[in-house]
**Q** 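Take this structure first; my questions come after.
Atoms within each ligand, like the ligands themselves, are counted from 1 in listed order. For the single chain, residues carry numbers from 1 onward in sequence order.
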Amino acid sequence: MTTAKPCPCLIGGRWNQAQTERFDDIWNPSTGEAIGKTPLCTAADVDHAVQAAKKAFPAWRETPVTDRARIMFRFQEILTRHADDVARICSLEHGKTLAESRASVQRGIEMIEFACGIPSLYTGDIVENLAPSVDSETVRHPLGVVAGITPFNFPAMVPLWMYPVALTCGNCFILKPSPRVPLSSVRIGELLLEAGIPEGVFSIVHGDKECVDALLTHPDIRAISFVGSTKIAKYIYETGTAHGKRVQAAGGAKNHIIIMPDADMAPTIGGLINSAFGCAGERCMAGSLAIPVGNVADEVVGRLCERGQKMKVGRTDRGDDVDMGPVISRPHLERVRGYLEIAEKEGAKVALDGRKITVADGPNGYFLGPTVIDHVRPEMRVAKEEIFGPVLAVTRVNSLDEAFELGQQCEYGNGAVIFTRSGRAAREFKHRFNAGMIGINVGVPAPMAWFPFTGWNRSFFGDLHIQGKEGIAFYTQQRMTLTRWFEPAQVDKHDPVWRPGKS
Ligand code: NAD
């Protein structure tokens, strides 16, 4: 247990300590040492943040969208200047390599750049003369106070999917980051204050279920954005909507990667390695089931094992030059290792065993090396469940149709990838596969800021997805106005349409 001060909440433009008796440790996954404490906020802390946001909302709503965007331009410049500093915090508390953290901060910066362009997307529609002298128009209004609840796996990027857009649309935003990785959000919050966000417009509270439930049920919160596991996403969607809120809730995934016999093998193996083992497999877009079609399977598995074995696994808290870091926590490491035992019991073959690696200068870190499990049958748990670690299962099939069938059986629907040189196979795949984000010769088809994160099935609950123009639609409500200006002649004649008492 560390004696470090708990990380602060941001409420009413000031950094405060939460009014709570409960705390979680924050661990350095590279060493297994506690590096800080997360306060687990109470309903009273949440209410405090909501009241500050409510007070700030009227002035923020009336601030011209161009002025709100100008704050985002400054935020973009300040975060770009401090990107390396934020990336190092992200690697320390999460365990991503420094290169991965830098890339994820860059994706977050792109969300701010998208938000800088909101003035030209914040438009409504108008049609003149829908009837004689009658015009109709829509304009966008912010919702009010909205909240975001985020997972551990992208400490900087996922929160940035939400608040630059929500704020520029004129809402006040309360962020509740994962209690395992709150430090990146606190640092970025400092930078947003430096950029000039008015007090109360952006808040941070920390916590677990108690804090989340207080957000979900608070009568003054209009909308909830959530990213996390499917079980919790469903709970958030059901509870939030039952309390009258607009909810977008992105959940877990089991992403399939199909390798056709005609695929260009070197880039395909590179794409598979990055997709399965990048960020230690802790990506909702990680490829976790490889599906080689036909006689290419032995070559794919052989090359994967060869490349995976050469990957350097090590500490990420000092910015070491490694290919893969630890997973997030000791219980998560045990859970992921447990899947290897389950697979062996069910009859699959561990072709590359990540349990064999040791990290000399991180003996207590949460390390598992790249792992490949071959001969996985569709009914096995490793073929169906989200493992969220550096584990790639391989299910061999004889045709693309068999691969489509596996896609149909999957309860998730985030991403799916095909490696091929055939335009026909790629087109068929894009048109038919049961997933919302498709990669063609791209291992991790995660949409960039300008496009929505379109998970399907149990990978998403709600209607409007996070990011892109759907993000703007989610954080705004439209108002329609119907206008009629009378011609003097009509007024004189007591226009029969409008004469009182006439039906
Ligand atoms: P999680 O569901 O455990 O936690 C997400 C958030 O919910 C956290 O802020 C956490 O504090 C809160 N939470 C946890 N348990 C809760 C409960 N019982 N009641 C209320 N709130 C609760 O997810 P995680 O382990 O932090 O993140 C990993 C998961 O996130 C994976 O399943 C991954 O696929 C998913 N993810 C999805 C996307 C996407 O876009 N679909 C992106 C990133 C991560």
**Q** Identify whether the distance between the nearest side-chain nitrogen and carboxylate oxygen of Glu341 and Lys345 falls below 4.0 Å.
**A** no
**Q** Flag Val212 as yes when one of its N or O atoms lies below 3.5 Å from any N or O atom of ligand 1, and as no otherwise.
**A** no
**Q** Do Asp213 and ligand 1 have an N or O pair less than 3.5 Å apart?
**A** no
**Q** Under 4.0 Å from a heavy atom of Gly207: which atoms of ligand 1 are those, numbered in the order shown and with their elements?
**A**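 The list of qualifying atoms is 11 (O).
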**Q** Salt bridge check, Glu411 against Arg458: does any charged N sit closer than 4.0 Å to a carboxylate O?
**A**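 Salt bridge present between Arg458 and Glu411.
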**Q** Looking only at distances, please establish whether an N/O atom of ligand 1 is found under 3.5 Å from an N/O atom of Phe453.
**A**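 The answer is no, given that Phe453 and ligand 1 share no N or O pair closer than 3.5 Å.
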**Q** Output yes when Lys37 and Asp25 qualify as a salt bridge under the 4.0 Å nitrogen-oxygen rule, no when they do not.
**A**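 No, no charged N to carboxylate O under 4.0 Å.
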**Q** Can you name the nearest heavy-atom pair linking Ser185 to Leu175, along with the distance?
**A** OG-CD2, 3.6 Å
**Q** What do you reckon, is CD of Glu21 surrounded by more than 12 foreign heavy atoms closer than 6.0 Å?
**A** no
**Q** Please list, in number order, the atoms of ligand 1 under 4.0 Å from a heavy atom of Arg180.
**A**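 The list of qualifying atoms is 25 (O).
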**Q** Test your reading of the structure: does Lys209 have an N or O sitting under 3.5 Å from an N or O of ligand 1?
**A**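 In this structure, Lys209 places no N or O atom under 3.5 Å from an N or O of ligand 1.
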**Q** Determine the interplanar angle of the Phe173 and Tyr163 rings, folded into 0 to 90°, and report it as parallel if under 30°, tilted if 30 to 60°, perpendicular if over 60°.
**A** tilted
**Q** To the nearest 0.1 Å, how far is atom 24 (P) of ligand 1 from its closest protein heavy atom, and which atom is that?
**A**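 Sorting protein heavy atoms by distance from atom 24 (P) of ligand 1 puts Phe152 CD2, 3.5 Å first.
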**Q** Taking the basic N atoms (NZ, or NE/NH1/NH2) and the acidic carboxylate oxygens, is any pair closer than 4.0 Å for Arg396 and Asp374?
**A** yes
**Q** Numbering the atoms of ligand 1 from 1, which are under 4.0 Å from a heavy atom of Trp161?
**A** 40 (O)
**Q** Do the charged groups of Arg180 and Asp24 touch, with an N to O distance under 4.0 Å?
**A** no
**Q** Closer than 3.5 angstrom, by distance alone: can the side chain of Asp323 be matched with the main-chain N or O of Lys312 as a donor-acceptor pair?
**A**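 Checked: pair present.
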**Q** Under the 4.0 Å line, does any protein heavy atom show up next to atom 30 (O) of ligand 1?
**A** yes
**Q** Please state which protein non-hydrogen atom is closest to atom 11 (O) of ligand 1 and give its distance, to 0.1 Å?
**A** Lys176 NZ, 3.0 Å
**Q** Salt bridge or not between Lys54 and Asp220? Use side-chain N to carboxylate O under 4.0 Å.
**A**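 The answer is yes: the pair qualifies as a salt bridge.
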**Q** So which protein heavy atom does atom 27 (O) of ligand 1 come closest to, and at what separation?
**A** Pro151 CB, 3.2 Å
**Q** Counting non-hydrogen protein atoms only, what is the nearest one to atom 17 (C) of ligand 1? Give residue, atom name and distance.
**A** Ile232 CD1, 3.7 Å
**Q** Measure the distance from atom 9 (O) of ligand 1 to every protein heavy atom, then report the residue, atom name and distance (to 0.1 Å) of the closest one.
**A**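 In this structure, atom 9 (O) of ligand 1 has Thr150 O, 2.7 Å as its nearest protein heavy atom.
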**Q** Using a strict cut-off of 4.0 Å, indicate which atoms of ligand 1 neighbour a heavy atom of Ile149.
**A** 6 (C), 7 (O), 9 (O)
**Q** Going by distance only, is there an N or O of Asn153 that falls short of 3.5 Å from an N or O of ligand 1?
**A** no
**Q** Using a strict 4.0 Å cut-off to heavy atoms of Ser229, name the atoms of ligand 1 that fall inside it.
**A** 1 (P), 2 (O), 23 (O), 29 (C), 30 (O), 32 (O)
**Q** What protein heavy atom lies closest to atom 39 (C) of ligand 1? Include the residue and the distance to one decimal.
**A** Cys284 SG, 3.3 Å
**Q** Answer yes or no: are there more than 12 heavy-atom neighbours, outside Phe451 itself, under 6.0 Å from its atom CZ?
**A** no
**Q** Minimum distance, heavy atoms only, to atom 35 (C) of ligand 1: which one of Gly415, Gly252, Gly436, Gly228 is it?
**A** Gly228
**Q** At a non-hydrogen distance cut-off of under 4.0 Å, which region of Ala233 contacts ligand 1 (side chain, backbone, both, or neither)?
**A** neither
**Q** Among all protein non-hydrogen atoms, which one is nearest to atom 32 (O) of ligand 1, and what is the separation to 0.1 Å?
**A**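 Sorting protein heavy atoms by distance from atom 32 (O) of ligand 1 puts Glu386 OE1, 2.6 Å first.
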**Q** Could you tell me whether ligand 1 has any atom less than 4.0 Å away from a heavy atom of Gly251?
**A**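 Under 4.0 Å: yes for Gly251.
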**Q** For the side chain to side chain contact (heavy atoms under 4.5 Å, CB included) test, which of Ile197, Thr80, Ile109, Leu160 pairs with Phe75?
**A** Leu160
**Q** For ligand 1, which atoms have a heavy atom of Ala250 less than 4.0 angstrom away?
**A** 39 (C), 40 (O), 41 (N)
**Q** Does an N or O from Phe388, backbone or side chain, lie closer than 3.5 Å to an N or O of ligand 1?
**A** no
**Q** At what distance, to the nearest 0.5 angstrom, does CG of Leu352 lie from CZ of Arg307?
**A**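 One finds 12.5 Å between CG of Leu352 and CZ of Arg307.
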**Q** May I ask whether Phe226 has any heavy atom positioned less than 4.0 angstrom from an atom of ligand 1?
**A** yes
**Q** Should His465 and Phe460 be marked as a ring pair (Phe, Tyr, Trp, His ring centres under 6.0 Å) after you check the CA-CA gap, both sets of side-chain angles, and the distance that decides it?
**A** CA-CA 8 Å; His465 293 85; Phe460 183 75; 4.0 Å; yes
